[in-house]
Novice: 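Before I ask anything, let me first share the structure, which is written out below as structure tokens.
We use all heavy atoms of the structure for the numbers below, so side chains are in, but hydrogens, waters and symmetry mates are not.
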Amino acid sequence: MVYQKKIVEEVSGWLRIFDDGWVDRTWTGPPEVKFMAEPVPPHEEFIEGVAIRDVTIDENSGLSVRIYLPQHEPDHYTDNSDKLPLIVHFHGGGFCISQADWYMYYYIYSRLARSAPAIVVSVYLRLAPEHRLPAAIDDGFSALMWLRALAQGQESYEPWLNNHGDFNRVFLIGDSSGGNLVHHVAARAGQVDLSPMRLAGGIPVHPGFVRSERSKSEMEQPESPFLTLDMVDRFLKLALPKGCTKDHPFTCPMGHAAPPLDSLNLPPFLLCVAEADLIRDTEMEYYEAMKKANKDVELLINPGVGHSFYLNKIAVDMDPHTAAQTTGLLEGIVEFIKKH
């Protein structure tokens with residue numbers, strides 16, 4: 001008799017966990033959206049103004065990053081004219097799914113690299129449940145420390161970053177659960193000497209800030225392809241340390257269990273919120289808590305769109321409102337980067 005593996009946990013379309021511990025992340029949702037979760041191979045020649053390479057930054061752990069280098073003409077009228085800001089990117093996926101090389105990130109972050117212009121360094125984060133939090137936070141912080149080592153001119157040298165990157169203007173950006181990492185990596189970075197590198201800003205985009213008790217927006221806003229209540233609950237149960245609730249500081253940095261925000265050494269933040277996001281209310285609780293703690297935090301709200309709308313390439317192509325809001329979001333991010 002052949003033993004049939006049984007599914008013990010499933011997050012619709014995205015992920016299945018079997019009784020032997022194996023995790024299957026094969027996309028089983030509508031086939032027409034599968035292309036957004038397909039890997040894009042690196043290309044070191046410029047395609048539509050951006051070149052890409054994957055680099056292993058820690059031989060022992062295998063931690064690697066994807067670097068987006070935009071084709072740019074130096075501006076001869078400014079100091080340090082040929083150097084570009086560095087944007088460290090943490091992908092979303094509820095800490096459980098997705099990879100830095102997915103098409104949905106490729107198309108939006110190559111666009112950001114071009115329009116800023118800036119070099120994007122996207123981290124291949126370890127995923128839960130095999131690697132529960134704080135694994136992804138550790139990976140994000142390790143990537144930042146690698147940049148510091150490059151800035152110091154220690155053993156490491158990465159030609160694209162060392163030749164073209166301005167280590168005095170390093171930003172963190174993250175989508176959804178990656179937005180949580182922006183907060184936690186920045187907080188950890190605030191406790192160490194980053195010199196000669198400088199952390200210039202953090203940009204959490206639709207961060208997965210929630211709490212145990214459902215918010216009004218969770219109960220009233222429509223679910224979107226990229227976020228359902230089932231995804232919030234199941235992914236976070238798999239990602240948080242065992243036995244922890246959503247009130248854990250990893251998902252509720254504005255809550256009572258978290259270190260007081262006024263005790264954190266944080267750079268200026270741009271919090272990006274989608275008006276029709278399920279978790280809008282708790283993101284706004286974070287914003288209010290940051291303001292109350294006298295943190296430098298700006299707010300960018302996109303009306304009439306839901307969670308991670310800008311990553312949905314089909315909607316961006318087909319719906320003029322989503323396209324316009326995506327342009328507005330990118331313009332707001334670029335403006336924040338230029339200011340800092």
Side-chain angles (χ1 to χ4, degrees), residues 25-27 31-59 61-75 82-93 97-127 139-140 142-144 146-147 149-150 156-167 169-176 178 203 205 308 310-317 323 326-327 329-331 333-334 337:
R25 293 183 173 86
T26 311
W27 171 247
E32 63 273 17
V33 303
K34 186 173 189 285
F35 76 95
M36 291 191 278
E38 295 282 6
V40 175
H43 49 80
E44 299 216 358
E45 70 286 0
F46 288 101
I47 297 177
E48 293 181 354
V50 179
I52 295 172
R53 69 160 50 139
D54 289 339
V55 177
T56 301
I57 65 173
D58 185 333
E59 293 295 345
S61 68
L63 181 63
S64 60
V65 297
R66 166 157 289 198
I67 305 173
Y68 295 76
L69 177 70
Q71 221 165 356
H72 70 292
E73 293 301 319
D75 175 355
D82 55 342
K83 298 286 189 177
L84 297 171
L86 299 170
I87 305 174
V88 181
H89 169 242
F90 308 131
H91 65 71
I97 56 163
S98 97
Q99 294 285 346
D101 61 2
W102 276 16
Y103 178 77
M104 66 171 72
Y105 304 117
Y106 170 79
Y107 107 87
I108 205 78
Y109 284 97
S110 53
R111 191 172 156 185
L112 178 60
R114 270 195 310 273
S115 53
I119 300 172
V120 176
V121 179
S122 185
V123 186
Y124 284 90
L125 301 162
R126 283 175 294 169
L127 301 176
D139 290 346
S142 296
L144 195 60
W146 176 67
L147 290 184
L150 293 180
S156 0
Y157 175 79
E158 206 303 311
W160 284 9
L161 298 178
N162 284 97
N163 295 340
H164 304 287
D166 181 357
F167 291 97
R169 296 180 65 216
V170 175
F171 295 83
L172 306 177
I173 193 169
D175 323 282
S176 192
I203 309 165
V205 186
S308 297
Y310 58 97
L311 294 177
N312 186 344
K313 183 71 163 65
I314 297 171
V316 172
D317 286 348
T326 299
T327 300
L329 174 65
L330 289 172
E331 285 173 350
I333 291 169
V334 169
I337 289 167

Novice: Are L125 and H91 side-chain neighbours, meaning at least one heavy-atom pair lies under 4.5 Å?
Specialist: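 They are in contact (side-chain heavy atoms under 4.5 Å apart), so the answer is yes.
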
Novice: OG/S122 to NE2/H89 distance, rounded to the nearest 0.5 angstrom?
Specialist: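 Here the rounded value is 5.0 Å.
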
Novice: Hey, mind stepping through I173 and I333 against side chain to side chain contact (heavy atoms under 4.5 Å, CB included) and telling me if it holds?
Specialist: CA-CA 9 Å; I173 193 169; I333 291 169; 4.0 Å; yes

Novice: Taking the side chain as C-beta and beyond, is there a heavy-atom pair between L112 and V334 under 4.5 Å?
Specialist: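 Yes, at least one pair of side-chain atoms sits under 4.5 Å.
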
Novice: Kindly give the heavy-atom pair with the smallest separation between A51 and E44, and that separation in Å.
Specialist: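 Smallest heavy-atom distance, with atoms named: CB-O, 3.5 Å.
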
Novice: Can you tell me how far CH2 of W160 sits from CG of L84, rounded to the nearest 0.5 angstrom?
Specialist: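 So the CG of L84 and the CH2 of W160 are separated by 12.5 Å.
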
Novice: So, do F35 and M104 sit near enough that their side-chain heavy atoms are less than 4.5 Å apart?
Specialist: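 Side chain of F35 against side chain of M104, heavy atoms only: no contact under 4.5 Å found.
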
Novice: If the condition is side chain to side chain contact (heavy atoms under 4.5 Å, CB included), which residues does P31 pass it with, not counting sequence neighbours?
Specialist: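 Residues passing side chain to side chain contact (heavy atoms under 4.5 Å, CB included) with P31: none at all.
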
Novice: Is a side-chain donor-acceptor pair under 3.5 Å present for D82 with H72?
Specialist: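 The answer is no; no qualifying pair exists.
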
Novice: Any chance you could lay out the side chain to side chain contact (heavy atoms under 4.5 Å, CB included) test for W146 and D58, step after step, and finish with the verdict?
Specialist: CA-CA 9 Å; W146 176 67; D58 185 333; over 6 Å; no

Novice: Would you say N162's side chain and L150's backbone share a donor-acceptor pair under 3.5 angstrom?
Specialist: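 Between the backbone of L150 and the side chain of N162 there is a qualifying donor-acceptor contact (under 3.5 Å).
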
Novice: To the nearest 0.5 Å, tell me how far L69 CG sits from I52 CD1.
Specialist: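 The CD1 atom of I52 is 10.0 Å from CG of L69, to the nearest 0.5 Å.
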
Novice: Would you say that L172 contacts F90 through its side chain, given a criterion of any heavy-atom pair below 4.5 Å between the two side chains?
Specialist: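 The answer is yes; the side chains approach within 4.5 Å.
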
Novice: With a 3.5 Å distance limit and no angle check, can you tell me whether S98 reaches the backbone of G92 through a side-chain donor-acceptor pair?
Specialist: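 A pair under 3.5 Å: yes.
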
Novice: Is any side-chain heavy atom of F167 less than 4.5 Å from a side-chain heavy atom of L161?
Specialist: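 In short, these two side chains touch, coming nearer than 4.5 Å.
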
Novice: Under 3.5 Å, is there a donor on one side chain and an acceptor on the other for Y124 and D139?
Specialist: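 No pair is found: no donor N or O on one side chain lies under 3.5 Å from an acceptor on the other.
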
Novice: Determine yes or no for a side-chain-to-main-chain donor-acceptor pair under 3.5 angstrom, with Q99 supplying the side chain and D101 the backbone.
Specialist: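 No, Q99 side chain to D101 backbone: no donor-acceptor pair under 3.5 Å.
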
Novice: Could you tell me whether a side-chain N or O of R114 sits under 3.5 Å from a main-chain N or O of E48, the two making a donor and an acceptor?
Specialist: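 Yes, the answer is positive, given that a donor and an acceptor are paired below the 3.5 Å cut-off.
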
Novice: Evaluate the criterion side chain to side chain contact (heavy atoms under 4.5 Å, CB included) for residue pair E158 and V55; output intermediate values, then yes/no.
Specialist: CA-CA 9 Å; E158 206 303 311; V55 177; 4.0 Å; yes

Novice: About how many Å separate CD1 of I67 and NE2 of H164, when rounded to the nearest 0.5 Å?
Specialist: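 Reported value, rounded in 0.5 Å steps: 11.0 Å.
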
Novice: Please enumerate all residues that pass ring pair (Phe, Tyr, Trp, His ring centres under 6.0 Å) together with Y106, with sequence neighbours excluded.
Specialist: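 So Y106 forms a ring pair (Phe, Tyr, Trp, His ring centres under 6.0 Å) with H43.
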
Novice: Give the ring-plane orientation class for Y105 versus W102, where under 30° counts as parallel, over 60° as perpendicular and anything between as tilted.
Specialist: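 Ring orientation of Y105 relative to W102: parallel.
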
Novice: Taking everything shown except E32 itself, do over 12 heavy atoms lie less than 6.0 Å from its CD?
Specialist: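 Counting neighbours around CD of E32, more than 12 heavy atoms of other residues, nucleotides or ligands fall under 6.0 Å, so yes.
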
Novice: Using side-chain heavy atoms (C-beta onward) and a distance below 4.5 Å, is V121 in contact with Y109?
Specialist: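 SC-SC contact between V121 and Y109 ruled out.
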
Novice: Do S61 side-chain atoms and L63 backbone N/O form a donor-acceptor pair below 3.5 Å?
Specialist: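 Pair found, side chain donor or acceptor close to backbone of L63.
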
Novice: Taking the side chain as every heavy atom from C-beta outward, state whether V33 and W27 have any atom pair closer than 4.5 Å.
Specialist: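 Yes, their side chains come closer than 4.5 Å.
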
Novice: With sequence neighbours excluded, tell me which residues meet side chain to side chain contact (heavy atoms under 4.5 Å, CB included) with T326.
Specialist: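 Side chain to side chain contact (heavy atoms under 4.5 Å, CB included) check on T326 returns I108, R111, F309, Y310, V316, T322, L330.
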
Novice: Please examine the side chains of P70 and I119, heavy atoms only from C-beta on, and report whether any two atoms are closer than 4.5 Å.
Specialist: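 Side-chain contact under 4.5 Å: yes.
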
Novice: Just by modelled atom types, is the Y103 backbone N or O under 3.5 Å from a matching donor or acceptor in the K313 side chain?
Specialist: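 No, because the side chain of K313 does not come within donor-acceptor range (under 3.5 Å) of the backbone of Y103.
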
